[in-house]
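The chains referred to below are lettered A, B, ... by the order of the sequence lines, with proteins before strands, and numbering in each begins at 1. What you see is a predicted model, and the numbers here were worked out from it, not measured in a lab. All values below come from the heavy atoms of this structure, side chains included, with hydrogens, waters and symmetry mates left out.
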Amino acid sequence: GESVGLHLPTLSVQEGDNSIINCAYSNSASDYFIWYKQESGKGPQFIIDIRSNMDKRQGQRVTVLLNKTVKHLSLQIAATQPGDSAVYFCAENIGNSGNTPLVFGKGTRLSVIA
Amino acid sequence: DAEITQSPRHKITETGRQVTLACHQTWNHNNMFWYRQDLGHGLRLIHYSYGVHDTNKGEVSDGYSVSRSNTEDLPLTLESAASSQTSVYFCASSRGQDEQFFGPGTRLTVL
């Protein structure tokens with residue numbers, strides 16, 4: 001079965017509010033995680049990544065949090081904008097310890113209400 | 001600028017025909033991947049390659065094949081197209097076991 005999944009398939013957020021997208025993983029050996037954004041009609045686009053030796057990483061308006069204790073990953077988007085409307089995927093990789101590709105979750109659709 | 005391209009962007013074919021989707025990357029990445037994307041299933045891995053002459057089966061490889069004769073290209077072939085293979089196909093590449101860069105996708109319709 002799939003080891004990467006999502007708690008919420010859809011999320012509606014008011015423009016200017018913060019968004020939180022969650023992801024659960026089941027493989028305790030996973031040591032690298034990525035968030036992708038996919039806009040309609042386009043391929044997935046890298047947002048931010050985090051390795052298992054970290055519990056938080058920040059980018060421009062985005063923060064990824066990793067809780068290894070409960071095998072949970074979240075993406076926080078600050079001051080959500082209409083351009084943030086897209087499907088967001090988390091993905092995991094067990095890193096250099098295993099020769100396996102990324103495993104993707106099914107995705108969460110974020111809709112920003114103007 | 002380095003990039004990853006896919007062709008064609010849209011394809012309509014008939015059941016039973018052989019179809020080849022092209023993927024070309026100019027990053028000189030060793031790793032290349034093919035995914036299909038369907039509603040309710042997210043991205044599912046079809047085949048992948050870690051270098052020239054290397055190919056591996058993914059989660060949904062039945063009915064598909066790939067070959068890697070050079071670093072830049074990983075064509076995906078549907079030997080005998082079926083209606084169940086109507087989907088959007090994405091190619092991706094990566095330097096190592098980390099971030100993958102995705103192409104724009106090919107929308108394939110099998111009638």
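Connection of L11(A) to V62(A) is established within a shared hydrophobic cluster, with ILVMFWY side chains joined at heavy-atom distances below 4.5 Å, either directly or through further cluster members. By the criterion of side-chain heavy atoms lying less than 4.5 angstrom apart, applied directly or through intervening Ile, Leu, Val, Met, Phe, Trp or Tyr residues, W35(A) is grouped together with M54(A) in one hydrophobic cluster. Residues Y64(B) and V88(B) are members of separate hydrophobic clusters, defined by side-chain heavy-atom contacts under 4.5 angstrom among Ile, Leu, Val, Met, Phe, Trp and Tyr. Using a 4.5 Å cut-off between side-chain heavy atoms of Ile, Leu, Val, Met, Phe, Trp and Tyr, with links allowed through other members, L74(B) and Y89(B) fall into the same hydrophobic cluster. Each of F101(B) and Y36(A) belongs to its own hydrophobic cluster when Ile, Leu, Val, Met, Phe, Trp and Tyr are linked at side-chain heavy-atom distances under 4.5 angstrom.
Of all residues in residues 12-37 of chain B, those placing a non-hydrogen atom less than 4.5 angstrom from a non-hydrogen atom of chain A are F33(B), Y35(B), Q37(B).
With respect to chain A, the highest number of heavy-atom pairs below 4.5 Å among C91(B), G96(B), P104(B) belongs to P104(B).
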Validation: residues 41-50 of chain A side-chain donor-acceptor distances under 3.5 Å, sequence neighbours left out:
{"unit_1": "D49(A)", "atom_1": "OD1", "unit_2": "R57(A)", "atom_2": "NH1", "d": "2.2"}
{"unit_1": "D49(A)", "atom_1": "OD2", "unit_2": "Y32(A)", "atom_2": "OH", "d": "2.6"}

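If you measure heavy-atom distances from F33(A) to chain B, you find no contacts under 4.5 Å at all.
The side-chain heavy atoms of F104(A) and R44(B), taken from C-beta on, include no pair separated by under 4.5 Å.
In this structure, R95(B) places its CZ atom where only 12 or fewer heavy-atom neighbours from other residues, nucleotides or ligands lie under 6.0 Å away.
Taking CD of Q38(A) as the start and CG of L43(B) as the end, the distance is 6.0 Å to the nearest 0.5 Å. For the atom pair CD1 (I34(A)) and CD (Q100(B)), the distance works out to 7.0 Å, reported to the nearest 0.5 Å.
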